[in-house]
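Below you'll find the structure, written out as structure tokens, and then a few comments.
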There are 2 protein chains.
Amino acid sequence: MNLSLPSETIFHAIESTIKDYRKFAQKNISEKIKDMTIDQGMVLLFLNEHPELTQKEIAELVFKDNASMTRMINTMVQKKHLKRSINSKDRRRYIIEITDKGKDVLKTLPPIIHQNRNSSLKGITKNELNQLEIILNKIRTNCAKT
Amino acid sequence: MNLSLPSETIFHAIESTIKDYRKFAQKNISEKIKDMTIDQGMVLLFLNEHPELTQKEIAELVFKDNASMTRMINTMVQKKHLKRSINSKDRRRYIIEITDKGKDVLKTLPPIIHQNRNSSLKGITKNELNQLEIILNKIRTNCAKT
DNA sequence: CAAATATAATTGATATATCAATTATATATA
DNA sequence: TATATATAATTGATATATCAATTATATTTG
């Protein structure tokens, strides 16, 4: 069996890329906002655009499971970025609101993220990005098949 | 600030792809080999080709830190896939050997991994893969710049 | 409508990851 | 050569993730 080493595969390149981007982005966030992780920032961005999202839905968007999301939101409530209240329409869910402190973060965060995205994609054409997305989608589709 | 949601970005697509691949690969491994994670499997593959690797070097190859690698190798030693012994050439390092039980795994594992890679890359041309790698490298380079 | 099934969130147990400090050894340099 | 610096690995404290079981509520269906 002549198998290339994991480090020589495209999967290694993919994983390495996202980890490098996360490190880069986290560093730039931490310089400006204390005690704020990328994942927490993403939760704020999602809730800001879609306040009706359930914890389960947010979890999926940021690649966590339900249990992790419960705990993540607990800490964000403790840190006073979010407020949880009962949803009388469906008492299994919560209404999750962004507090004033959370809104302050939402003033500072977007320009940093914008900058992170721009500088990490510098020199890459629109066409290349399209290509990249198409190929990644093929891989995802293949992995979804049994 | 008009920022697209994280889920609409290429970074989301990249992260989603590698997570889907990992899930897919882990599932196929677990069906054939009990109690074996992808990461442990990769450590075996690397050590098999490069027995002289230090824990630190292996850590980097599988995207962990030193502390995690220490603990990971501890469990692999406990499970009798690896054997650690003193390296008299440099007493800070260890010599890490693959046991017979580890070698058994190395008979079963490669065809599974080969199959995982093949099926997840089905329908993707050599040229597309090259493109993919080039673009990912551009992103990595950008993230490495301050 | 009652029972069965599904869904959202939580919890506890466990595993894994991360950070800073520490230990042991090796290498560089004054 | 003695001291400073660098490196490999470990440890303890803490944070985060994952799995299975549980709780509470909604929805479906016989």
Side-chain angles (χ1 to χ4, degrees), chain A residues 15-16 18-20 22-23 25-27 29-30 34-43 46-47 50-79 82-97, chain B residues 15-16 18-20 22-23 25-27 29-30 34-43 46-47 50-79 82-97:
Chain A
E15 188 154 2
S16 168
I18 194 62
K19 297 231 159 138
D20 286 357
R22 270 185 170 268
K23 244 175 234 158
Q26 181 66 66
K27 186 173 142 283
I29 291 171
S30 297
K34 63 165 188 172
D35 196 25
M36 172 65 41
T37 68
I38 298 189
D39 291 321
Q40 289 168 10
M42 289 201 291
V43 170
F46 281 121
L47 279 171
H50 300 291
E52 76 292 348
L53 284 171
T54 64
Q55 295 186 189
K56 191 180 149 70
E57 287 162 339
I58 302 169
E60 197 154 331
L61 287 165
V62 298
F63 305 108
K64 314 272 173 226
D65 77 343
N66 287 357
S68 301
M69 191 44 58
T70 291
R71 280 153 184 152
M72 200 173 156
I73 288 181
N74 285 347
T75 54
M76 293 180 75
V77 168
Q78 275 184 346
K79 297 201 303 188
L82 297 180
K83 181 171 171 297
R84 244 197 287 232
S85 49
I86 289 167
N87 184 337
S88 45
K89 295 268 171 62
D90 183 340
R91 298 172 54 80
R92 290 170 304 183
R93 311 181 182 192
Y94 289 109
I95 291 168
I96 304 171
E97 286 166 290
Chain B
E15 187 154 5
S16 168
I18 194 62
K19 297 230 159 139
D20 286 357
R22 272 187 169 265
K23 244 177 233 156
Q26 181 65 67
K27 187 174 142 279
I29 290 170
S30 297
K34 62 163 189 174
D35 197 25
M36 172 64 42
T37 68
I38 298 189
D39 291 322
Q40 288 167 12
M42 289 201 293
V43 169
F46 281 122
L47 279 171
H50 300 290
E52 76 292 350
L53 284 172
T54 64
Q55 295 186 188
K56 190 180 150 73
E57 287 162 340
I58 302 169
E60 196 154 333
L61 287 165
V62 297
F63 305 107
K64 314 270 174 230
D65 77 342
N66 287 357
S68 301
M69 190 45 56
T70 292
R71 280 153 184 150
M72 199 171 158
I73 289 180
N74 284 347
T75 54
M76 293 179 76
V77 168
Q78 274 184 347
K79 298 201 303 187
L82 297 180
K83 182 171 170 296
R84 243 197 287 232
S85 49
I86 288 167
N87 184 338
S88 45
K89 295 269 171 60
D90 182 340
R91 298 171 56 79
R92 292 170 302 181
R93 311 181 182 192
Y94 288 109
I95 290 167
I96 304 171
E97 285 165 291

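A, B, ... follow the sequence lines: proteins, then strands. Residue 1 opens every chain. Below, each value reflects all heavy atoms present in this structure, side chains not excepted, and no hydrogens, waters or symmetry copies.
- We find that CD of Q26(A) is positioned 13 Å from C1' of dA15(D), with the value rounded to whole Å.
- By the salt bridge (Lys or Arg N to Asp or Glu O under 4.0 Å) test, E97(B) pairs with K83(B), sequence neighbours left out.
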Pairs of donor and acceptor atoms involving the side chains of residues 53-60 of chain A, under 3.5 Å and at least two apart or interchain, shall be tabulated with distances.
residue : atom : partner : partner atom : Å
T54(A)  : OG1  : E57(A)  : N            : 3.1
T54(A)  : OG1  : E57(A)  : OE1          : 3.3
Q55(A)  : OE1  : R84(A)  : NH1          : 2.7
E57(A)  : OE1  : T54(A)  : N            : 2.8

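- In this structure K23(B) satisfies the side-chain hydrogen bond (donor to acceptor under 3.5 Å, both in side chains) test with no other residue, sequence neighbours excluded.
- Straight-line distance from the CE atom of M69(B) to the P atom of dT11(D): 16 Å, rounded to whole Å.
- Remark: D65(B) engages no residue in a salt bridge (Lys or Arg N to Asp or Glu O under 4.0 Å) (not counting sequence neighbours).
- Both T75(A) and R84(B) lie near DNA chain D, and the one whose nearest nucleotide falls closer to the 5' end is R84(B).
- Between the CG atom of N74(A) and the P atom of dA15(D) there is a distance of 14 Å, rounded to whole Å.
- Of the residues in residues 50-64 of chain B, those placing a heavy atom less than 4.0 Å from an atom of DNA chain C are K64(B), in numerical order.
- By the side-chain hydrogen bond (donor to acceptor under 3.5 Å, both in side chains) test, T37(A) is found to be paired with no residue, residues two or more places apart in sequence or in another chain being considered.
- For the pair I38(A) CD1 and dT16(D) P, the computed distance is 13 Å after rounding to whole Å.
- Residues I86(B) and I95(B) come closest through the heavy atom pair O-CD1, 3.7 Å.
- Applying the side-chain hydrogen bond (donor to acceptor under 3.5 Å, both in side chains) rule to E52(A) yields no partners; only residues at least two apart in sequence or on another chain are considered.
- With rounding to whole Å, K27(B) atom NZ is found 15 Å from dC19(D) atom P.
- Contact between N87(A) and Y94(A) at its shortest, heavy atoms only, is CB-C, 4.1 Å.
- Look at CZ on R71(B): it is 11 Å from C1' on dC19(C), rounded to the nearest Å.
- We find that CD1 of I95(A) is positioned 15 Å from P of dT25(D), with the value rounded to whole Å.
- Nearest nucleotide to the side chain of N66(A), out of dA9(C), dT16(C), dA17(D): dA9(C).
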For nucleotides 20-28 of chain C, read 5' to 3', which letter fits each nucleotide if B means a protein heavy atom sits under 4.0 Å from the base, S means only the sugar-phosphate is that close, and - means neither?
----BBS--
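- For K23(B) and dT18(D), the NZ to P distance is 8 Å, given to the nearest whole Å.
- Scanning for side-chain hydrogen bond (donor to acceptor under 3.5 Å, both in side chains) contacts around D39(A) gives R22(A), K64(A), with sequence neighbours left out.
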